[in-house]
2 protein chains.
Amino acid sequence: MRKRSLTLRDVSEASGVSEMTVSRVLRGKGDVSEATRLKVREAAKRLGYVPNQIAGALASQRVNLIAVIIPSLANMVFPEVLRGISKALEETSYQPVIGVTDYLPEKEEKVLYEMLSWRPAGIIIAGLEHSEGSRAMLRASGVPVVEIMDVDGEAIDACVGISHRRAGRLMAERILDAGYRKIGFLGTKMPLDHRARKRFEGFTERLAKGGVEVADQEFYSGGSALAKGREMTATILSRSPKLDFLYYSNDMIGAGGLLYLLESGRRIPDDIGLAGFNGVELLDGLPIRLATMDACRREIGEKAAEIVLAQYSGEVSEGEILIELQPRLAPGDTLRD
Amino acid sequence: MRKRSLTLRDVSEASGVSEMTVSRVLRGKGDVSEATRLKVREAAKRLGYVPNQIAGALASQRVNLIAVIIPSLANMVFPEVLRGISKALEETSYQPVIGVTDYLPEKEEKVLYEMLSWRPAGIIIAGLEHSEGSRAMLRASGVPVVEIMDVDGEAIDACVGISHRRAGRLMAERILDAGYRKIGFLGTKMPLDHRARKRFEGFTERLAKGGVEVADQEFYSGGSALAKGREMTATILSRSPKLDFLYYSNDMIGAGGLLYLLESGRRIPDDIGLAGFNGVELLDGLPIRLATMDACRREIGEKAAEIVLAQYSGEVSEGEILIELQPRLAPGDTLRD
DNA sequence: CTGAAAGCGCTAACAT
DNA sequence: ATGTTAGCGCTTTCAG
């Protein structure tokens, strides 16, 4: 048998103050005399009272939760977005609640449904691609919705991110400028990672404009990304030994490839060039710096949270907010000038 | 002005079925004729109704949330614990809600307070060290509490983890057996990471028993762990060139040290041996495998979630559950036989 | 199988 | 500065 938890009434009785005034003290709202305030505080503390937000939220029709829906926690990219969100929420009474979709639209829909059923103050959700059901729920939710990470597509409400197409194009351009021509692509076998797909599309488009085609490709799924990066690099190079550049869809596999090539004694970046994507902190510790592109993760999180707060408190009319951040290319040591 | 969201009443009116029966259909509880069931389902779907769990939880006094409180998401260790929890919860209607403490007791207390105010079905919290306030709240919560990761100390209720003291001892023993004698320790400057501290204590204790003392130490805080591992390794070896073994408090700095030593042309493991802790996936991609010790993260998450479920549903009396898992030492290639 | 009534614990909006 | 009243949207319980 579970114990009933303490209620406002218990504190009221223990302190001899009305429930309403106890409530006021505990929320710090309304004028309460210092004397009663102390009495109440003391009683609440003594009893170990923790307010019941379920009841509070029902009565006030306000919830201090912000739903954050992301594809994965394993990716390192998303925890950074979360840090941005937490930072923006730090001084407020709002709290992020995290949901993970594993890149599956059906799971996204389920997670979204669960979260909406707690009537959060706002929703921050990764990506612009959602199932019809999810889109309907988001539109009907009646709260601010901010789609993050990506701006290539149609947003439901607000949107903060970078253009992954553009990111792919920029990298392609830089690679062509550096004189590389036999280019291989290595990525994840994830048709549902739309951002990776868009980068690849932008990449090939820009190459095509320079009269270059991706010479070979290799994909992986599962396992340690670093180890997979090695394997894939070995595989693609044994199949296409003439490649002079490898573009990786993320830094982890890029780092694996980098380690492999260094061990093989390849001359980087002259013999072969490399680039990844994301600008993860890990790269700082590698023997040489992998070329990459910062995805502005932290900033995206911060801005998204700020938008939710502004909209929820009615400071801003909904919709029409689109913030496109500019990814910065960090050439590192694996891309010749 | 925010839109009011749909209620059971809206569905009731749209379907011509009483609220109560609508509720029964939507929850799948109680016998409802197939005909009405369909009518209700159709209406709910058409309207885009999402139930209000706030009201539901208040009325039923049950919540399908399990609070999970961890120190960090950056650490890679914790996302794995979360995966274990998610896995155990997969087929149930319960969902984890994550809170992050940044290793700060005050923040832990705040996060715990916030979570308890939603009256979760259970609490899974990392570590056995908590502020007096947190301990009081946990005891008073009236729900299952499972402390995870560590078993060296006094649990409030249930506990699942490994003994970090023992882990440190085991590694020390293995290192001594291998004949290393001039041992350096490299770790984080985190007095509040009790598990790292306990590993170190177990480590030095066991060394002492073998008549060996830690010859030098180096600590870091902040930044890329991989990069810091390099730096610290360079620093400690320039100060104490005779060291023949480096024990790192985590795999990331260990990996950084490993890369550094390989580049310096040190002969591993003969000239110098290395070991880390955690058994992170990343190690699979390094040039050679760092010796490490698996912390059973996934399993800890799974077991903890199972305990909460069992206790919440009353299958098991509270308390008295202590599951000590055994960390496995993986010698890799950086520890001579 | 279906419905009506009575709250769950709190807070908004009014009194006083 | 403090108290009273009436719900918030759902589920439990008890009748039909």
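Predicted model only: the values in this text are computed from it and were never measured. Residue numbers begin at 1 in each chain, while the letters A, B, ... track the order of the sequences.
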Whole-Å distance between dC8(C) C1' and Arg9(A) CZ? 13 Å

Could you tell me which residues satisfy side chain to side chain contact (heavy atoms under 4.5 Å, CB included) with Ser86(A), sequence neighbours excluded, listed by chain and number? Pro96(A)

Rounded to the nearest 0.5 angstrom, the CG-NE2 distance for Asp193(B) and His164(B) is 8.5 Å

Figure out the NZ/P separation between Lys29(A) and dA12(C), and round it to whole Å. 8 Å

Given dA12(C), dT11(D), dC10(C), which nucleotide is nearest the side-chain atoms of Arg27(A)? dA12(C)

What is the distance from CZ of Arg62(A) to P of dT11(C), rounded to the nearest Å? 13 Å

Axis-to-axis angle across the helix from dC1(C)-dG16(D) to dT16(C)-dA1(D), five pairs each end, nearest 10 degrees, ~ 30°

When rounded to the nearest 0.5 angstrom, what is the spacing between NZ in Lys39(A) and CD in Glu34(A)? 12.5 Å

Heavy-atom contacts under 4.0 Å between residues 38-60 of chain A and DNA chain D, which residues? Leu58(A), Ala59(A)

Does a salt bridge link Arg9(B) with Glu13(B), judged by any charged N lying under 4.0 Å from a carboxylate O? yes

So do Pro71(B) and Arg195(B) actually touch side chain to side chain, heavy atoms under 4.5 Å? yes

Tell me, please, which residues at least two apart from Tyr94(B) pass ring-ring contact (aromatic ring centres under 6.0 Å, His included). Tyr312(B)

Show the distances under 3.5 angstrom between N or O atoms of the protein and N or O atoms of nucleotides 2-5 of chain D.
residue : atom : partner  : partner atom : Å
dT2(D)  : OP1  : Ser33(A) : OG           : 3.2
dT2(D)  : OP2  : Ser33(A) : N            : 2.8
dT2(D)  : OP2  : Ser33(A) : OG           : 3.3
dT2(D)  : OP2  : Thr36(A) : OG1          : 3.0
dG3(D)  : OP2  : Ser18(A) : N            : 3.2
dG3(D)  : OP2  : Ser18(A) : OG           : 2.7
dG3(D)  : OP2  : Thr21(A) : OG1          : 3.1
dG3(D)  : N7   : Arg24(A) : NH2          : 2.7
dG3(D)  : O6   : Arg24(A) : NH1          : 3.2

Of all residues at least two apart in sequence or in a different chain, which pass the salt bridge (charged side-chain N to carboxylate O under 4.0 Å, His left out) check with Glu106(A)? none

